[in-house]
Participant: 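Here it is, the structure, as structure tokens.
Letters A, B, ... mirror the listed sequences (proteins, then strands); counts begin at 1.
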Amino acid sequence: MASGDQNVADVLIIGGGASGGVVAKHLTDAGVRVVCLEQGDHVDPSEFAGDKPEWELVSKKRWHPNPNRRDIETDYPTDVRDSDVEPMMYCGVGGSTLLYTAMWMRFLPSDFRVKTLDGVADDWPITYEDLVPYYNILDEELGLAGLAGDPAYPPGQRMIMPPHPIGKVGMKAVKGMDQLGWHWWPGSNTIPTEPYRGRNECVRYGTCSTGCPQRAKSSFDQTHWTFAIKNGAKLITRARVKEITVNDSGLATGAVYIDRNGRERRQKANVVIMCASSIGTPRILLMSESGKFPNGLGNNSSGLLGKNLMMHPFSAVAAYSEEPLESWLGPAGHTIYSLQFYETDKSRGFVRGAKWGITPVAGPFSLRGGQDNDPIINAWDDGIHSVFDQTVGKVFEWGVIAEDLPEEHNRVTLSDELTDSDGLPAPKINYKTSENTRKLLDWHIERVIEAIEASGCTGYTVSNPVRECGWHLSGTARMGTDPERSVVNEFGVSHDVENLLVCDGSVFVTCSGLHPTATITASALRSVDNLLQNRYNQRVPL
Amino acid sequence: MSQITPALRKAFRNLADIMIPGTDTMPRGSDVTLHEDVLDRIMELRPDLEEGFVRGMTAIAGMSAAEGKEHLKQNDKTAYYDIGLIAASGYYMDPRVREAIGYPGQVSNPKKPAPVPEYIANGMLKRVIDRGSIYRPTPDTD
Ligand SMILES: Cc1cc2nc3c(=O)[nH]c(=O)nc-3n(C[C@H](O)[C@H](O)[C@H](O)COP(=O)(O)OP(=O)(O)OC[C@H]3O[C@@H](n4cnc5c(N)ncnc54)[C@H](O)[C@@H]3O)c2cc1C
Ligand code: SF4
């Protein structure tokens, strides 16, 4: 797949986020000439507000995970008129991991066999065991802090460093779980408890979800892009891709993008790898329609491009304690989690399950709903001082991540109303919460309340569901063996375009009830491995 | 150029004092100069809030602070929210207020994890382990 022409990249990566970083690092480790087009900028950790008094105020705008609230020109807006859930993301080097909380969990074996075990959706063409070697590499590269031996997982996962303290928040929640005899485990995070591979040790600012000012958290600009660039990867920022181009033989030839000065440019390549996330990737491929691919690139055989979007609907209960819990201490992700009700039990009236996680609630405005600021307004009426007296430092939250099943009507198309700052159509999101998901969330929230009561908390407030919760995006270019029922094969290769790969969460067949990035990146790494093994047989256009 | 006139500042001062009244232990809004340098700082950090602020404060000119608050709540939720956010976040950024509520802010706290966490020492985690594995292994599909 190498080319003698210096203007032709061996591999062109679209999107400089988590999956793009992993792909770039591992391809350049193997000597492949890589170019990446990323529409956002580099972000230096000093730009984040977590270590400044104005943190919460600024985070509600500049570092908000919803691009529609952030409203900066390097983002693309999303048309969410017909969606129950709003997608959350960040556009820049490191992608959404600049704002992720680095809760790092593998999917479970049953997640890959939903059809066989529960009679719904589809099985993946790969198993948990297929991904284990890749999960292991990523745990190491990111520096996983956690405790091995969780009985909710198959044995064998090695932790790289000890877990973070669970603090008073975690101990309070554990009290309830212990009394009920329910599963819990200290959270695993790719946040180092000691300096690790160029990153600093975490000092517990607790602001991970609005960017880590300490350069500790495993955002992929720090964990992978730094190394890929050292290896020689060419990362072009402020480069917004509008189209993947193809030749007469139906092979991808590169991309057309708009540069930071608004000029249209071309980048030629032998192989194109889509890493623009499960919203960005189908958007670009749909924009790349042509005579040969009238319904979007790579969408001839299945017609499924953009369909089966999954977003992990989420509900939460904030629990109030009388005693101070120092709940401003980080990390901001799960201090403990529970998989007690993860696996299917049909007697509950729904299939599949959810992961629960405890998160500390940091500053005065960080209570659920704090992102849209309702509590501030409520606080005026109830007496601002008494509200904050009851909440600051004394609240934690049980969050429930529901596994939503793939449904074709939940999809990404191109908006006919909204555009980005370059005039390209924004992605239009159609998403309806299914009855199974609704029942699942209601049932789980009832159990969460039992856990909160058992832990001796004095009160709670329920947010069920949370609308701005689409942190986990997947499913819009699913993998499979049958070209009529899937967009790519098990290695992310398009069934219709031999030198086009998808390596982000779009390839998920089902989404589990767990955080996705470990599985997105493990699957991406498996695809890279396959590409490298077959590099001399790869058909290329130029 | 900023449209925040001295008259709007004065009206904001009065509104802030009924939104955030003083108590025995807590200062009131104007005590922390919300309407002065704090307002300027917030506008620097969040220029997007100026529009709602100016619109809301202009609309309630001439009303008492209590009437103004009610008017905004009923008629202009966006301005009501923006003004509330300005007042509350300015207030809680003040070090005196933070001290009074016992909130240190998000600060560096480089404490090492305990070598043996409490939940291991007191046997709580062992009870989870003793209950045995709860996952479903990959089924044999052949
Ligand atoms: C607030 C928040 C918290 C989260 N917490 C967790 C967590 O704790 N654990 C976990 O596992 N996951 C978490 N996630 C999800 C995690 O961030 C994503 O799963 C992960 O980043 C996905 O990787 P990706 O490469 O698919 O996409 P991204 O990392 O989003 O990267 C995609 C990149 O593609 C670029 N792009 C898109 N379109 C174009 C275009 N047209 N031209 C050029 N570039 C383009 C974007 O700018 C972006 O940088 C969280 C997400 C958010 C928002
Ligand atoms: S808690 Fe740790 S990882 Fe999170 S922002 Fe603070 S230093 Fe960074």
Participant: Within the supplied structure, the quantity of interest is the number of heavy atoms (other residues, nucleotides, ligands) at a distance under 6.0 Å from A/Glu47 CD; does it exceed 12?
Facilitator: yes
Participant: Would you call the rings of A/His385 and B/Tyr91 parallel, tilted or perpendicular, where under 30° means parallel and over 60° means perpendicular?
Facilitator: tilted
Participant: Select one option (side chain, backbone, both, neither) describing which atoms of B/Ile86 are under 4.5 Å from chain A's heavy atoms.
Facilitator: neither
Participant: Before accepting this row, confirm whether a basic side-chain N of the pair A/Asp111/B/Arg136 lies closer than 4.0 Å to the acidic partner's carboxylate O.
Facilitator: no
Participant: Which region of B/Pro117, side chain (C-beta onward) or backbone (N, CA, C, O), has a non-hydrogen atom less than 4.5 Å from a non-hydrogen atom of chain A, or is it both or neither?
Facilitator: neither
Participant: Without hydrogens or angle criteria, can the side chains of A/Glu129 and B/Thr138 be said to hold a donor-acceptor pair below 3.5 Å?
Facilitator: yes
Participant: One thing to verify: whether B/Arg46 and A/Glu54 come together as a salt bridge, which I'm taking to mean a side-chain N less than 4.0 angstrom from a carboxylate O.
Facilitator: no
Participant: By a 4.5 Å heavy-atom criterion (distance strictly below it), what part of A/Asp178 contacts chain B: side chain, backbone, both, or neither?
Facilitator: side chain
Participant: Name all pairs fulfilling the ring-ring contact (aromatic ring centres under 6.0 Å, His included) condition that reach into residues 103-138 of chain B, sequence neighbours left out, sorted by first residue then second.
Facilitator: A/Trp184-B/Tyr119, A/Trp328-B/Tyr103
Participant: Mark yes or no for whether B/Gln106, through its side chain, and A/Tyr205, through its backbone, hold a donor-acceptor pair below 3.5 Å.
Facilitator: yes
Participant: State whether the number of non-hydrogen atoms from other residues, nucleotides or ligands found under 6.0 Å of B/Glu36 atom CD is greater than 12.
Facilitator: yes
Participant: Considering only heavy atoms and a distance below 4.5 Å, find which of A/Gly393, A/Gly330, A/Pro186 pairs most often with chain B.
Facilitator: A/Pro186
Participant: Any residues in residues 124-133 of chain B near chain A, with a heavy-atom distance under 4.5 Å, and which are they?
Facilitator: B/Met124, B/Leu125, B/Arg127, B/Val128, B/Ile129, B/Arg131, B/Gly132, B/Ser133
Participant: Counting only non-hydrogen atoms closer than 4.5 Å, does A/Pro324 touch chain B with its backbone (N, CA, C, O), its side chain (CB onward), both, or neither?
Facilitator: neither
Participant: Where on A/Pro154 is there a heavy atom nearer than 4.5 Å to chain B: the side chain, the backbone, both, or neither?
Facilitator: both
Participant: Which residues from residues 21-32 of chain B are near chain A, with near meaning under 4.5 Å between non-hydrogen atoms?
Facilitator: B/Pro21, B/Thr23, B/Met26, B/Pro27
Participant: Check step by step if side chain to side chain contact (heavy atoms under 4.5 Å, CB included) holds for B/Asn122 and A/Met171.
Facilitator: CA-CA 11 Å; B/Asn122 69 13; A/Met171 285 307 290; 4.0 Å; yes
Participant: I'd like to verify something: which residue of A/Ala145, A/Gly181, A/Gly170 has the highest number of heavy-atom pairs under 4.5 Å with chain B?
Facilitator: A/Gly181
Participant: Given the options A/Phe112, A/Tyr153, A/Tyr128, which has more heavy-atom pairs under 4.5 Å with chain B than any of the others?
Facilitator: A/Tyr153
Participant: Tell me, for B/Asp82 versus chain A, whether the close heavy atoms (under 4.5 Å) come from the side chain, the backbone, both or neither.
Facilitator: neither
Participant: If I take atom CD from residue A/Glu56 and atom CG from residue B/Leu85, how far apart are they, to the nearest 0.5 angstrom?
Facilitator: 10.0 Å
Participant: So how far is it from B/Leu49 CG to A/Lys61 NZ, rounded to the nearest 0.5 Å?
Facilitator: 8.5 Å
Participant: If you tally heavy-atom pairs under 4.5 Å against chain B, which of A/Asp71, A/Ile166, A/Asp51 wins?
Facilitator: A/Ile166
Participant: To the nearest 0.5 Å, what is the distance between CD1 (B/Ile134) and CD (A/Gln340)?
Facilitator: 5.5 Å
Participant: With only heavy atoms counted, which part of B/Asp94 is less than 4.5 Å from chain A, the side chain, the backbone, both or neither?
Facilitator: neither
Participant: Just verifying a value: how many Å separate A/Glu326 CD and B/Asn109 CG, rounded to the nearest 0.5 Å?
Facilitator: 7.5 Å
Participant: Evaluate the side-chain proximity of B/Val97 to A/Phe388: yes if any heavy-atom separation is below 4.5 Å, no if none is.
Facilitator: no
Participant: Would B/Ile42 and A/Leu57 count as a side chain to side chain contact (heavy atoms under 4.5 Å, CB included) if you check the C-alpha gap in whole Å, the side-chain angles of each, and the deciding distance to 0.1 Å?
Facilitator: CA-CA 8 Å; B/Ile42 290 178; A/Leu57 177 69; 3.9 Å; yes
Participant: Could you work out, with salt bridge (charged side-chain N to carboxylate O under 4.0 Å, His left out) as the rule, every residue matching B/Glu99, not counting sequence neighbours?
Facilitator: none
Participant: Heavy-atom pairs under 4.5 Å with chain B - which of A/Leu147, A/Thr344, A/Thr127, A/Leu108 has more of them than the others?
Facilitator: A/Thr344
